[in-house]
Amino acid sequence: MIKRTHNCGELRQKNINNNVSLCGWIAKRRDLGGLIFIDLRDRYGKTQVVFNEDTHPDIFKTAKKLGLEDVIGITGLVNARPKEAVNPKMLTGEVDISVTELVVFNESDTPPFDIGNRNSAMEEHRLTYRYLELRTDELQRNMILRHKAGQATREFLNKQDFIEIETPILMKSTPEGARDFLVPSRIHKGRFYALPQSPQTYKQLLMVAGFDKYFQIVKCFRDEDFRADRQPEFTQIDIEMSFIEQNDIIKIGTGLTRYVFESVLDVKLPETFPSFTYQEAMEKYGSDKPDTRFGMELHEFAQYVEQSDFNAFKSVLEIGGRVKAVVCPNADHFSRKVIDELTVWIKTYHGAKGLAWMKSVNGSLDGGISKFFPDEVKSQIINDLDVSENDIIFIIGDTQKVVLNSLGALRLELANLENLIDTNAWAPLWVVDFPLVEWNDDKNRWDAMHHPFTSPHLEDIKLMETDPANVRSLGYDVVVNGYELGGGSIRIHSKDLQKKAFDLLGVSESEAQEKFGFLMDAFKYGAPPHGGMAFGFDRLVMLLAGSSQIRDVIAFPKTTSAMSLMDNSPSFVDDQQLYELGLEIKKIDKS
RNA sequence: GGGGUGGUAGUUCAAUUUGGUUAGAGCACCGGCCUGUCACGCCGGACGUUGCGAGUUCGAGUCUCGUCCAUCCCGCCA
């Protein structure tokens, strides 16, 4: 056994003539005949080691057989490289080690892809050999970043007197919200635990218990469909506090975000983040998680439609719809084909019926639907919307929901297509005053927008029975660069108000008792006013890592069909296991 | 549940207008040469159920249908 005296990233000029030992993997090998260079890699870096046939023929013979990803330990003398052989691209590039002792710990089969280049294999393949992909520079860096973010989180919250408390992973299933992952009970056959979608109820109970500042970095599970930024299991920074108001949570959430960004990236975010009401965010950006790294805000367009002959939009307005516009700068290269493609895209994915447009040419508006607008209205538009030469105005008229959502999506799409986003910028913000409930057309009822324990704005309580759609909640999200990083709310802590909320959501007393009885009961014994929030930890790390894929910051992620390609889970189980659980698998007929 | 893209050697990619010799190349691998390379170089070699299953055809990597997997998006994600 050779024990390392140094790691592969630390040797410098000052170590010249030291006798050192290194252990690691063979990252690269250059065989010059009587001289072999090997780049030895560990998680700290790479160091070049040299085998010389003249000085150590026996070791050289062994070295001749070494291949990529073999694990070796070496002892040798640190040399200054000849001037012309210094490699300025390597941190250890001024030195190398002439090997006097070699131990081959383990030979590697030919690696299924090039560890030095993460793009050398398709993702499917890399996920199968995830432990090898984790050897790549990029993933090593991401895992270290994740560690640092976790440490910073604990440091910050610990300094603020928060206590980390673990909550159960096996808990009660409640069919609200996302679909639960279920775990069958062996002892109580036919019954199931659920994996937590979040520790929501537990953290509220901890407030009742008097742990007035709680946090946890905790796994959560949601059995829905997955995306580039969504995994079936993910990690939250879960926070709850007592005797506080919305602004106190926003202060802590801002502080934590700033602390993590500064600790991990040395980036200083503003002391306070801009705050938008839900209403403002939707009207300006067509999104409840706006990316404000670029402008292109949405403009009201109804007043111009009214002065035009464009009947399609006029009738939209007559039936209570909306017409809004977004201006895309420097769009002279937007051919008819590009516009058509955008139109198809927005119809397909965002439910708009069409995409109207006008181009700014020679100080007036041209093309598209411009012929329906009188010249003086065109000038007005150019003036009001601050339209420059060669800009293109995209206009959508439809129901409010479709207009805001599709223009919001178009705004992002255009910014991406046109590279209008400053990728070095950080745009954190809060969105507040979310609606308490939203109408569920399928189920013909009001659903909680956040969750059923979210408190309404106190002055809106009176609207709960008469005008639910306009009840604002004490719910808030923190958004960075268009990603919802976290969210939370002030919770209801009074039995009466909670009953009112359940009434609005159509949850009967018996149903409430069955599902949340333990929480309702707890509230009988002195529940402090409380509230909190949760950060999507993986998303936070993803942003810090500059990635747009959550898989990049999770050591062993699942695919978008929730499979682990490495260990092939989920998998079938023995009949014996099923028998013990009192389960039987129904044959799925695939005819 | 719906739509887009992709699946060819260990791997990354090629393979002409619906099709036409023995399915090619880089890296990796094996062998040989090479003492300052760092994308080492040079010479040679081995490597294929074209994801899977049907169909059309004299003939399918290529066309059709089904299916599986990956990925991106819509729905979904309190």
Side-chain angles (χ1 to χ4, degrees), chain A residues 27-39 46-55 60 65 67-69 79 81-90 92-93 96 98 108-129 132 174-180 197-198 200-201 220-232 234 344-351 405-406 409 412-413 434 436-438 440 442 446-454 473 475 484 487 489 501 505 507 534 536 548-549 551 558-561 563 565 568 590:
Chain A
K28 199 81 195 178
R29 181 195 142 81
R30 293 173 293 277
D31 185 344
L32 271 63
L35 200 59
I36 300 171
F37 297 98
I38 280 177
D39 292 341
K46 282 178 199 160
T47 301
Q48 175 166 280
V49 301
V50 189
F51 296 89
N52 191 319
E53 188 169 25
D54 291 343
T55 58
F60 187 85
K65 294 190 203 110
L68 293 182
E69 300 306 316
N79 296 314
R81 294 197 194 182
K83 250 188 217 115
E84 65 280 7
V86 166
N87 185 346
K89 282 184 261 177
M90 283 174 88
T92 59
D96 58 19
S98 44
S108 169
D109 280 3
T110 302
F113 61 91
D114 178 5
I115 307 297
N117 176 10
R118 209 179 149 218
N119 295 320
S120 70
M122 282 195 293
E123 181 148 24
E124 189 171 355
H125 198 241
R126 298 193 314 256
L127 285 173
T128 307
Y129 299 96
L132 296 182
T174 53
E176 277 77 21
R179 197 176 291 114
D180 280 330
Q197 296 175 27
S198 85
Q200 183 60 37
T201 49
C220 301
F221 306 84
R222 294 178 191 174
D223 189 4
E224 294 294 341
D225 288 341
F226 308 107
R227 291 291 158 75
D229 63 349
R230 277 176 10 206
Q231 282 270 305
F234 60 98
V344 169
W345 172 81
I346 209 153
K347 279 176 161 174
T348 314
Y349 293 125
H350 302 284
N405 287 341
S406 51
L412 281 179
E413 180 73 7
F434 276 82
L436 186 69
V437 292
E438 60 187 340
N440 183 328
D442 295 338
W446 295 101
D447 278 346
M449 191 137 175
H450 189 53
H451 57 56
F453 316 112
T454 299
S473 74
E484 182 196 326
S489 63
L505 298 171
V507 179
S548 53
Q549 289 190 331
R551 294 185 297 279
K558 306 263 187 300
T559 67
T560 49
S561 69
M563 295 244 296
L565 295 178
N568 258 313
K590 277 200 168 181

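Lettering follows sequence order; numbering is per chain, from 1. Treat the numbers as computed from the prediction; the structure is a model and nothing was measured. All values below come from the heavy atoms of this structure, side chains included, with hydrogens, waters and symmetry mates left out.
Here A:Asp225 lies in heavy-atom contact (under 4.0 Å) with a base. A:Pro82 comes within contact range of at least one nucleobase, with a heavy-atom separation under 4.0 Å. Among the protein residues, A:Glu123 comes within range of the sugar-phosphate backbone only, with heavy atoms under 4.0 Å from sugar or phosphate atoms but none that close to a base. A:Gln549 comes within 4.0 angstrom of sugar-phosphate atoms only, judged by non-hydrogen atoms across all strands, and of no base. Contacts of A:Ser198 with the nucleic acid, taken as non-hydrogen atoms under 4.0 Å apart, include base atoms. Using a 4.0 Å heavy-atom distance criterion, A:Arg126 is classed as making no nucleic acid contact. No engagement by A:Asp447 is indicated, since no non-hydrogen atom pair under 4.0 Å with the nucleic acid exists. Among the atoms of the strands shown, none is found under 4.0 Å from any heavy atom of A:Phe113. Using a 4.0 Å heavy-atom distance criterion, A:Asn52 is classed as a base contact. Across all strands, A:Thr559 comes closer than 4.0 Å only to sugar-phosphate atoms, never to a base (heavy-atom distances). Counting non-hydrogen atoms under 4.0 angstrom, A:Arg81 reaches a base of the nucleic acid. The residue A:Asp96 sits close to a base: some heavy atom pair falls under 4.0 Å.
Donor-acceptor pairing under 3.5 Å, judged by distance alone, is absent between the side chain of A:Arg222 and the base of B:C76. No hydrogens or angles were tested; on distance alone, nothing pairs the side chain of A:Arg29 with the base of B:C40 as donor and acceptor under 3.5 Å. At a cut-off of 3.5 angstrom, the base of B:U37 holds at least one donor-acceptor pair with the side chain of A:Gln48.
Remark: side-chain polar atoms of A:Arg81 are paired, donor with acceptor, to backbone N or O of A:Gly93 under 3.5 angstrom.
Salt bridge present: A:Asp39 and A:Arg30 bring a charged side-chain N and a carboxylate O closer than 4.0 Å.
Between the C1' atoms of B:C42 and B:U37, the separation comes to 15 Å (whole Å). Between B:G20 and B:C27, the two C1' atoms lie 32 Å apart (nearest whole Å). Spacing of C1' atoms, B:C13 relative to B:A54, comes out at 29 Å, to the nearest Å. B:A9 sits 15 Å from B:A25 when the P atoms are compared, rounded to a whole Å. Spacing between B:C34 and B:C47 at atom C1', rounded to whole Å, works out to 26 Å. Using atom C1' as the reference point in both B:G2 and B:U11, the two lie 33 Å apart (nearest Å).
Atom pair A:Phe51:CZ and B:G36:C1' shows a separation of 15 Å (rounding to whole Å applied). Atom CG in A:Leu565 sits about 14 Å away from atom C1' in B:G7, given to the nearest Å. If you take CG of A:Leu412 and C1' of B:C72, they are 15 Å apart, rounded to a whole angstrom. Rounded to whole Å, the distance from CG on A:Asn119 to P on B:G26 is 21 Å.
Closest approach of A:His350 and A:Ser406 over heavy atoms only: CB-CB, 3.7 Å. Here the shortest heavy-atom pairing between A:Leu565 and A:Glu124 reads CD1-O, 3.5 Å. A pairwise comparison of heavy atoms in A:Gly33 and A:Phe60 identifies O-CZ, 3.0 Å as the closest pair. Residues A:Glu413 and A:Trp345 share a closest heavy-atom pair of CB-CH2, 3.5 Å.
Under the Watson-Crick and G-U wobble criteria, each requiring two contacts below 3.5 Å, nucleotide B:U71 is paired to B:G4. Base-pair partner of B:C34: not found among the strands shown (Watson-Crick or G-U wobble, both distances under 3.5 Å).
Distances shorter than 4.0 Å separate some side-chain N or O of A:Lys28 from OP1 or OP2 on B:C40. Between A:Thr348 and B:C74 there is no side-chain polar atom (N or O) within less than 4.0 angstrom of OP1 or OP2. For A:Arg230 and B:G75, the shortest distance from a side-chain N or O to OP1 or OP2 is not below 4.0 Å. Contact check, A:Arg30 against B:U37: no side-chain N or O comes under 4.0 Å of OP1 or OP2. The side chain of A:Lys89 places an N or O atom within less than 4.0 Å of a non-bridging phosphate oxygen (OP1 or OP2) of B:A39. Put simply, A:Ser561 has a side-chain N or O that comes within less than 4.0 Å of OP1 or OP2 on B:A70.
Among B:G2, B:U11, B:G36, the nucleotide with an atom closest to any side-chain atom of A:His125 is B:U11. Taking every side-chain heavy atom of A:Glu224 into account, B:C77 is the closest of B:C77, B:A28, B:U71. Side-chain proximity of A:Leu127 to B:C73, B:C29, B:U71: nearest is B:U71.
The residue among A:Pro452 and A:Met90 whose nearest nucleotide of RNA chain B is located toward the 5' end is A:Met90.
Side-chain contact between A:Ile115 and A:Leu68: absent, with no pair of heavy atoms (C-beta onward) separated by less than 4.5 Å.
Shown here are the side-chain hydrogen bond (donor to acceptor under 3.5 Å, both in side chains) partners of A:Thr348, two or more places apart in sequence or in another chain: there are none.
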